[in-house]
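What follows is a single structure, written as structure tokens, with notes after it.
All values reported here derive from a predicted model rather than from experimental measurement.
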Amino acid sequence: MFSKTFRDDPHALRLLVSVRDAGEAALALAAGADLIDAKDPERGALGALPPETVRAIAARVGDRALTSAVAGEPEPAALPAAVRAMAGTGIGFVKVALRPGCPPGALTEAAGAAPGRLIAVLFAEDAPRAEAVPALAAAGLAGAMIDTASKDGRRLTDLLTPADLAAFTEACRAHGLLSGLAGSLRVSDIPVLAPVRPSYLGFRGGLCRARDRRLGLDPEALAEAVRTLRALPALEAA
């Protein structure tokens, strides 16, 4: 269904850009973003856009890049329905918040609502550990990522050490999961976090005007991020 996959080059670091509508999706795509992510920046860290907006984003991107969409932060009982609704928009991957204490059964059912396409988002404030990864793989998820829940100026690198992040991404690779890192990242974080070897780095505010995630994407910042990522030395297989 999706012509571009992470398996095309499993060791390449990709740039995820979160967008709020089809116009921003076109802008990110033109700049060279690898993964176009549908998210509402007005509704917190993982605000879900209306399904019709996500459908428009998916249609605008087509098969020219990977796509994902946020399904919000539902309670465990509502996880499967939220994932199923977003998976039906034509988007590629579906991202959903995973808080500590989520019953394994709810997570497994949610993964079944988007087979091979569900990515769990763990929040840095909850101090996620690499030890959590095997259970995510056992539940049938496609990947896991770490983001910041509170967009209050604290960044991913303020909350977790490089060793913590490296252990997380290494555990994901060992269990066949994609891994992502996000959380008020700036372009200057790309070469710093690249050695941790995530599958992708996620951006919103750092690529917006005045670094305000609620404002529109800045074409110059987008171009700089793509240039910086493309200039990185090739990652070696572990």
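Evaluation of the salt bridge (Lys or Arg N to Asp or Glu O under 4.0 Å) rule for E24 yields R20, R204 as partners, not counting sequence neighbours. In this structure E75 satisfies the side-chain contact (heavy atoms from CB on, under 4.5 Å) test with no other residue, sequence neighbours excluded.
Counting heavy atoms from C-beta outward, L46 and F123 have side chains that approach closer than 4.5 Å. Side-chain contact between L229 and L201: absent, with no pair of heavy atoms (C-beta onward) separated by less than 4.5 Å. Residues V70 and V121 are not in side-chain contact: their nearest non-hydrogen atoms beyond the backbone lie 4.5 Å or more apart. Taking 4.5 Å as the limit, some side-chain heavy atom of L122 sits within range of a side-chain heavy atom of L136. Inter-residue side-chain proximity for I119 and S68 is flagged as unmet; no heavy-atom pair is nearer than 4.5 Å. For the pair R155 and T148, the minimum side-chain heavy-atom distance is 4.5 Å or more. At a threshold of 4.5 Å between non-hydrogen side-chain atoms, the residues D34 and Y200 do not count as touching. Side-chain contact between L13 and P198 is present, with at least one heavy-atom pair separated by less than 4.5 Å.
Minimum interatomic distance between A71 and P74 (heavy atoms only, all atoms of both residues): O-CD, 3.8 Å. Of all heavy-atom pairs spanning A33 and V226, the tightest one is N-CG2, 4.3 Å. Contact between S18 and L16 at its shortest, heavy atoms only, is OG-CD2, 3.7 Å. When all heavy atoms of A31 and L222 are compared, the pair lying nearest together is CB-CB, 3.8 Å. P103 and P76 get closest at one heavy-atom pair: CD-CB, 3.7 Å. Across every non-hydrogen atom of G32 and R230, the tightest pair is O-NH2, 2.9 Å.
Using modelled atom types, no side-chain atom of D218 and backbone atom of L207 make a donor-acceptor pair closer than 3.5 Å. In this structure, R186 contributes its side chain and G205 its backbone to no donor-acceptor pair below 3.5 Å. Distance alone, capped at 3.5 Å, is enough to place a donor-acceptor pair between the T169 side chain and the V196 backbone. Side-chain atoms of D126 never come within 3.5 Å of backbone atoms of P128 as a donor-acceptor pair (strictly under, hydrogens ignored). At distances below 3.5 Å, at least one donor-acceptor pair connects side-chain atoms of R173 with backbone N or O atoms of R197.
Counting non-hydrogen atoms of other residues, nucleotides and ligands closer than 6.0 Å to CD of E125 gives a total above 12.
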Donor-acceptor list for residues 80-97 side chains, cut-off 3.5 Å, not counting sequence neighbours:
from : atom 1 : to  : atom 2 : distance (Å)
T89  : OG1    : M86 : O      : 2.7
T89  : OG1    : I91 : N      : 3.4
K95  : NZ     : D37 : OD1    : 3.3
K95  : NZ     : D37 : OD2    : 3.1

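A continuous path of hydrophobic side-chain contacts links L232 to V187 [ILVMFWY only; heavy atoms under 4.5 Å].
Atom CE of M145 sits about 9.0 Å away from atom CG of L156, to the nearest 0.5 Å. In this structure, CD1 on I57 lies 6.5 Å from CG on D21, to the nearest 0.5 angstrom. The CZ atom of R154 sits 10.0 Å away from atom OG of S184, with the distance rounded to the nearest 0.5 Å. Atom CG of L98 is separated from atom CG of L79 by 7.5 Å, given to the nearest 0.5 angstrom. With rounding to the nearest 0.5 angstrom, the CG atom of L29 is 9.5 Å from the CZ atom of R60. Taken from CD1 in I146 to CG in L160, the straight-line distance is 5.5 Å, to the nearest 0.5 Å.
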Legend entry - Candidate pair L27 and V17, rule side chain to side chain contact (heavy atoms under 4.5 Å, CB included), full reasoning: CA-CA 10 Å; L27 187 63; V17 178; over 6 Å; no
